[in-house]
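Note that this is a predicted model, so its numbers are computed, not measured. Both backbone and side-chain heavy atoms feed into the values below; hydrogens, waters and symmetry mates do not. Start at 1 and go down the list; that is how both ligands and their atoms are numbered.
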Amino acid sequence: MIKVLKWLGIGLGALLGVIVIAVVVLLLLGRSRVNRSYNIQVETVAIPSDAASVQRGQHLVEAVVGCTGCHGTNLAGKKVFEEGPIGRVYAPNITGGQGSATGAYTDQDWARAIRHGVSPKGKGLLIMPVEDYNNLSAEDLGAIIAYLKAVPSVDNQTPKPDIRPLGRILVALGAFGEVVPAQLVDHTASLPGPVAPGVNVEYGGYLVSISGCKGCHGKDLSGAQPPEPGAPLAPNLTRGGHLGKWSEAEFIRTLRTGVEPDGEEMDAEFMPWEEYAKMTDEEMGAIWRYLLSLPAKESTAP
Ligand code: HEC
Ligand code: HEC
């Protein structure tokens, strides 16, 4: 009897030991995934100064690439995520005001952050969707930087990101996808050339590639679970989904109002339609044509 208890004790002790080691390994793995650094060559981007380019930059920032969705409508910083034991992530102030993270930025620092997702000190930036922004044409990237340098200064300081132990374990287990998107980018690719605006498939494909649709709706846009905790499924956007039954006017009305043809409302917290609503009819028409051009997929979402 005593012998059995002794062996049971040894067995339990060993099990506990294995669990402790697993937790420590996950903690370390999570920490190394959060704290990645990169030493990259940044291509020089021409920054325009004419009013039309600055206006183009503002439109992209507010309506297409959605910086304002995370950094706030005045770009002075905003909470993206905060859950006690998991941690917090704030998108910092990127105006020229007090508490700004970009007050001392050079043009090269802007390009490094937006195109590569890396800070001036070489740290991989958390959740900045650079797998999309890396597709920005040289002209559009230049226009965005020109606008950001001219944006009105606002004083605001946000807390530094802090991923706590439970958050690190979840990151190690892949619960939020890749938290440092710089990891997903080919940092040696050269700056893409311009894509001429027009209501056509090619321009629609370009807009989709820079505006983040794939990050939530899946690489082939046939539906996916967005990485953000608590998000509903992002539906199939190929003809195999609801869009196969919508008209172009219904698609445009859905993005503008957040209400689908059947009266269902889209949750603006998880589907950033309030930004996309500011796109022009031409841009939405181009995206519509691109989505219809995709092979009809069955919804692959779980
Ligand atoms: C999905 C949310 C999200 C979107 C969209 C987004 N950002 Fe960010 N951004 C963040 C977060 C979070 C950080 C802080 C990351 C960190 O400190 O690791 C950040 C950091 C930055 C920084 C780095 C500041 C520093 O510490 O040096 C710059 C610059 C920046 N963002 C610019 C932009 C611009 C410009 C856009 C649009 C083209 C944009 N961001 C879109 C979430 C976002
Ligand atoms: C941050 C994640 C995210 C991004 C980025 C995103 N979506 Fe969505 N989208 C969602 C979610 C989640 C839903 C479901 C919303 C709901 O039911 O409340 C949705 C719903 C939709 C719908 C309704 C589809 C249906 O069958 O009901 C359309 C259309 C749509 N998105 C288009 C787009 C387009 C076009 C883009 C890029 C320009 C885009 N989305 C970018 C998350 C996203």
Considering only heavy atoms of [X], which atoms of ligand 2 have at least one such atom less than 4.0 Å away?
X: P232; result: 12 (C)
X: E260; result: 23 (C), 25 (C), 27 (O)
X: C216; result: 1 (C), 2 (C), 3 (C), 4 (C), 5 (C), 42 (C), 43 (C)

Query - From CG (N135) to CG (L207), nearest 0.5 Å - result: 11.5 Å
Query raised in the report: Which residue and non-hydrogen atom of the protein lie closest to atom 2 (C) of ligand 1, and at what distance in Å?
Result: C70 SG, 1.9 Å
Query - Whether M271 has an N, O or S atom under 2.8 Å from atom 8 (Fe) of ligand 2 - result: yes
**Report entry** W246 N/O to ligand 2 N/O under 3.5 Å
**Finding:** no
Query raised in the report: If we ignore angles and hydrogens, is there a donor and acceptor under 3.5 Å between the side chains of Q183 and Y38?
Result: yes
Query raised in the report: Among P92, A113, A111, G215, which one has a heavy atom closest to atom 13 (C) of ligand 1?
Result: P92
Requested in this report: Could you see which bit of K160 sits under 4.0 Å from ligand 1, with heavy atoms only: side chain, backbone, both or neither?
Outcome: neither
Report task. Measure from atom 8 (Fe) of ligand 1 to every N/O/S atom of H71 and report the name of the nearest one. Result -> NE2
Query - Nearest heavy-atom neighbours spanning V180 and L126 - result: CG2-CD2, 4.0 Å
